[in-house]
Amino acid sequence: MVDVPLGSAGVVAAPDVEDVELYHPHSWVTKYVFSQDAKVIAIQYSFVALSVGLIALVLSWLMRLQLGFPGVFSFIDANAYYQFITMHGMMMVVYVLTALFLGGFGNYLIPLMVGARDMVFPYVNMLSFWVYFLAVLILVASFFIPGGPTGAGWTLYPPQAITTGTPGGQDWGIILMLMSLMVFIIGFTMGGLNYVVTVLQARARGMTLMRMPLTVWGIFTASFMALLAFPALFVGAVMMLFDRVLGTSFFMPAMVEMGQPLDRNGGSPLLFQHLFWFFGHPEVYIVALPAFGIVSDLISTHARRNIFGYRMMVWALLAIGALSFIVWAHHMYVSGMNPYFGFFFATTTLIIAVPTAIKVYNWILTLWRGDIHLNVPMLFALAFIVTFVNGGLTGLFLGNVVVDVPLSDTMFVVAHFHMVMGVAPILVIFGAIYHWYPKVTGRMLNDALGKLHFWVTFLGAYAIFFPMHYLGLMGIPRRYHDIADMAFVPPSAHTLNAFITIVALIVGAAQLAFVFNLFWSLRHGRNSGGNPWRATTLEWQTPETPPPHGNWGNDLPVVYRWAYDYSVPGADQDFLPQNQPGPSRAAPGAGHG
Amino acid sequence: MAEQAVTDTTHTYPEASDLRSIAADFSSDRQAFRNVSWGKAMMWIFLLSDTFVFSCFLISYMTARMSTTVPWPNASEVFALTIGGVTLPLILIAIMTFVLISSSGTMAMAVNFAYRRDRRKTAILMLATALLGATFVGMQAFEWSKLIHEGVRPWSNPWGAAQFGSSFFMITGFHGTHVSFGVLFLLIVARKVWRGDYEHQRRGFFTSRRGDYEAVEIMGLYWHFVDLVWVFIFAFFYLW
Ligand code: HEM
Ligand SMILES: [Cu+2]
């Protein structure tokens, strides 16, 4: 291995770094279908996740049509509505956002950003995708079986999830849902182990943990959390499957159905809620932390400014990750659990606001007096900050027991979680796609179409979800198929609902512009070159774009600085790539804090 | 001084002790856990995740046991065997536990011989481990069939709370599956050791990658974990 010249930043070459032995595919099938290359796997993951996203989007249209124009579409009866809501929620949270951030962005960016040739276990990584794909197939299959998919709500609360009256409860719907989740978790575990171990043990020379881009930190923390949170869902799914199939009573209390006592006894429905939310709350951060990380990098790059308080940002990520495991029961204030729990969980919930606020301040301070380029990725990043703050503020309302009790199960909750974990992460995903598409394809996405897509999506999302706060305060319940006949609902609410529906249709249609852009730019996009954004992180410094198998050609990169050397005084460029030797403003890892 | 980190914040490694050296490891480049191979790191993290799975199972069982309205069957009566006219409580479980713990011993010896590159002894000890593991699963199957004969079902049993049978079959079943997979992989790795795959750098059938004697140690980590979990199941299910 060639020795690396010592930079003046105190860099000493490690003499015996052996390069990894790379697996070389020989056929078209092993290159592009059963590929073990993290970049191909990333694209496979992203493609499947985005396709599921389109299905979930159509489902949201159908729900909105019913809410906006009740009774006009006779095929959306109450059962169908519940099935749509369940599949929409579960698909969006688990099969779209989790898969896209960790399986998609994680696979593409981790090896490139830490300077590795591939993930540490490419074979397991390949299996991870195919198992995920199987989970998606099982989930989608439930649309085509007798009885249709489950209508239990994405939280799948027992006992209603497995009793008659709930769509799919006594048919195959709930069984397929639970099996699909279990398969998903197995697939994710295979991928997650890869992401975590690659970050911990396979970085390039010079890449210390505290030099990693925040994107990697976000995805890493989220993957680790997922490895600890998914087990609870897995166990809950196994037990509910037994309740449904074998007739056990883990979650089933003594019940009377149609005047007949059911053959169940002594189970605890609350137990499932605890298991579900022990997974469910960390899950919120599993989609939020990668978004936090990515947004930090987008902002820093497009404002040509080093990220403010890098170390604080890292510690805030870790603190949020840890705290998010002890707040789960704030979803259960009205569940009938011991009221003293409420106090504890409200406290921890509000404590999480501290590291979260630190992150927001640091983003703003990064932008402060920056050279802000309002290109498409930056627009999405800025929109994310606004939206996230918005959703975060309503989170403070809902985190308090006394405020939550009247608001629980109203449209206010729907508005809150769509802002904070629906719209906000989706904005980051769009921003990230506009940002990294040039690396993946070597071409830029069309700018005009991008801006159109941005403005319609951003303004539209606000037009859709902002009024829902108001509907919620009015007391309009969530998960109701038809509110037309409720006496307390004023006519204005119906007008508002119709308005929301029309905007939702428009916003949904605008996504077609994005999909079109993705395919059109593949051929016709402007040539991007290797580093169109003049960014510092390693993935932009690959010898070829798109990066070939093995990423780095003959020599692995060596890292001399942190990821945020923008506008360094005295440097001849306004950015210093991480693999460029030479003086930096301050010793990375020592000063920026 | 094999590798010096490429940062300016860290100093020498091997001598620095305790917290300092942990901090130094974490602030070094390339690896956060120095000289821990990828495979080992992966197994440790997987086991952490699996710990959460088993914890959730056990905590759920405890919750079920505490919230059920019907009395819980008495474990020392249910799990008793009558041998030669004498009723011995928990005798089968005691033997099973002994067998499994012993298998941890043979596994540890196998790891030791693997590092001395003693192929024959390693393979024999791994086979012994697999045999003990299979014995454990066999005895578990015996226990299951005995209970099923006595009328225990996942949804009911003759002595009390239905959740007894549900939790019993679920948790021991899940653990037994772990042991069975362990036996399977023990056999595979033992065969590779025996054949000298790790010396001739033979490529794996599925992964087409070369293995290493470390596979034995990684296998061992998993095996000890499965034993450890059994101790908890034993304590919480049979002794409580
Ligand atoms: C075009 C964008 C979207 C629209 C128009 C939309 C619309 C809806 C509607 C109408 C409901 C049902 C509300 C009710 O009756 O209670 C709903 C529920 C839900 N949505 Fe969305 N949604 C969108 C995007 C997303 C995204 C990106 C996520 C990702 C987190 C998401 C997650 C959920 C969840 C978790 C539920 C709750 C399901 C349940 O109650 O079981 N949605 N959405
Ligand atoms: Cu939560």
Side-chain angles (χ1 to χ4, degrees), chain A residues 9-17 21 23 120-121 123-124 189 192-194 196-197 199-211 224 227-232 234-236 238-239 242 246-250 254 263 265-268 270-271 274-275 278 558-560 587-590, chain B residues 1-10 26-34 36-46 48-61 63-64 66-70 153-156 161-163 165-167 169-170 174 204 206-210:
Chain A
V11 176
V12 179
D16 57 348
V17 186
E21 186 200 0
Y23 162 85
V120 285
F121 306 105
Y123 187 81
V124 182
T189 305
L193 290 171
N194 257 305
V196 169
V197 177
V199 171
L200 285 178
Q201 299 295 84
R203 281 165 280 135
R205 287 157 68 197
M207 181 61 90
T208 60
L209 288 175
M210 280 298 175
R211 280 176 175 176
F224 200 81
L227 287 173
L228 306 184
F230 274 124
F234 185 84
V235 169
V238 169
M239 289 166 71
F242 282 8
L246 295 181
T248 58
S249 306
F250 287 113
D263 197 11
N265 216 320
S268 163
L270 266 189
L271 173 59
H274 281 297
L275 286 172
F278 185 81
V558 176
V559 173
Y560 297 91
Chain B
M1 204 66 238
E3 289 167 330
Q4 172 136 31
V6 197
T7 52
D8 37 5
T9 49
T10 45
F26 267 91
S27 48
S28 70
D29 62 340
R30 298 186 55 231
Q31 300 192 328
F33 301 102
R34 298 183 66 70
V36 175
S37 73
W38 293 347
K40 235 194 266 178
M42 171 170 104
M43 184 49 87
W44 274 111
I45 296 171
F46 168 72
L48 184 64
S49 181
D50 216 16
T51 306
F52 271 58
V53 175
F54 277 108
S55 310
C56 287
F57 270 126
L58 282 175
I59 292 173
S60 300
Y61 144 73
T63 318
M66 286 186 301
S67 60
T68 176
T69 45
V70 199
R153 297 287 180 276
W155 54 90
S156 73
Q163 282 77 11
S166 332
S167 312
F169 288 119
M170 182 175 73
F174 200 71
F206 286 109
T207 60
S208 52
R209 283 181 175 73
R210 297 179 207 214

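Residue numbers start from 1 in every chain, and the chains themselves are labelled A, B, ... in the order their sequence lines are given, proteins ahead of strands. Everything quoted here is computed from the prediction, not taken from an experiment.
- Each of A:L271, A:L228, A:V197 has some count of heavy-atom pairs under 4.5 Å with chain B, and the biggest count is that of A:L228.
- Of the inter-residue distances, the one linking A:F224 atom CZ with B:S49 atom OG reads 9.0 Å to the nearest 0.5 angstrom.
- Interface remark: B:S55 contributes no atoms to any contact with chain A (heavy atom separation under 4.5 Å).
- When A:A204, A:G236, A:A229, A:S268 are compared by the number of non-hydrogen pairs under 4.5 Å with chain B, A:A204 comes out ahead.
- When the candidates B:W155, B:Y61, B:F26 are compared by the number of heavy-atom contacts under 4.5 Å with chain A, B:W155 comes out ahead.
- The backbone N or O of B:P154 lies less than 3.5 Å from no partner atom in the side chain of A:T248, so there is not a single donor-acceptor pair.
- A donor-acceptor contact shorter than 3.5 Å links the side chain of B:Q163 to the backbone of A:N265.
- How far CZ of B:F174 is from CZ of A:F234: 4.5 Å, rounded to the nearest 0.5 Å.
- Without hydrogens or angle criteria, B:W38 side chain to A:Q201 main chain gives a donor-acceptor distance under 3.5 Å.
- Top candidate by heavy-atom pairs under 4.5 Å with chain A, chosen from B:V36, B:I59, B:V70, is B:V36.
- Atom CZ of residue A:F121 and atom OG1 of residue B:T207 lie 11.0 Å apart, to the nearest 0.5 angstrom.
- There is no contact between B:F54 and chain A, counting heavy-atom distances below 4.5 Å.
- Atom CE of B:M170 and atom CZ of A:F242 lie 7.0 Å apart (nearest 0.5 Å).
- Atom CZ of A:R203 and atom CD of B:Q31 lie 8.5 Å apart (nearest 0.5 Å).
- Looking at B:F206, both its backbone and its side chain come within 4.5 Å of chain A, counting heavy atoms on both sides.
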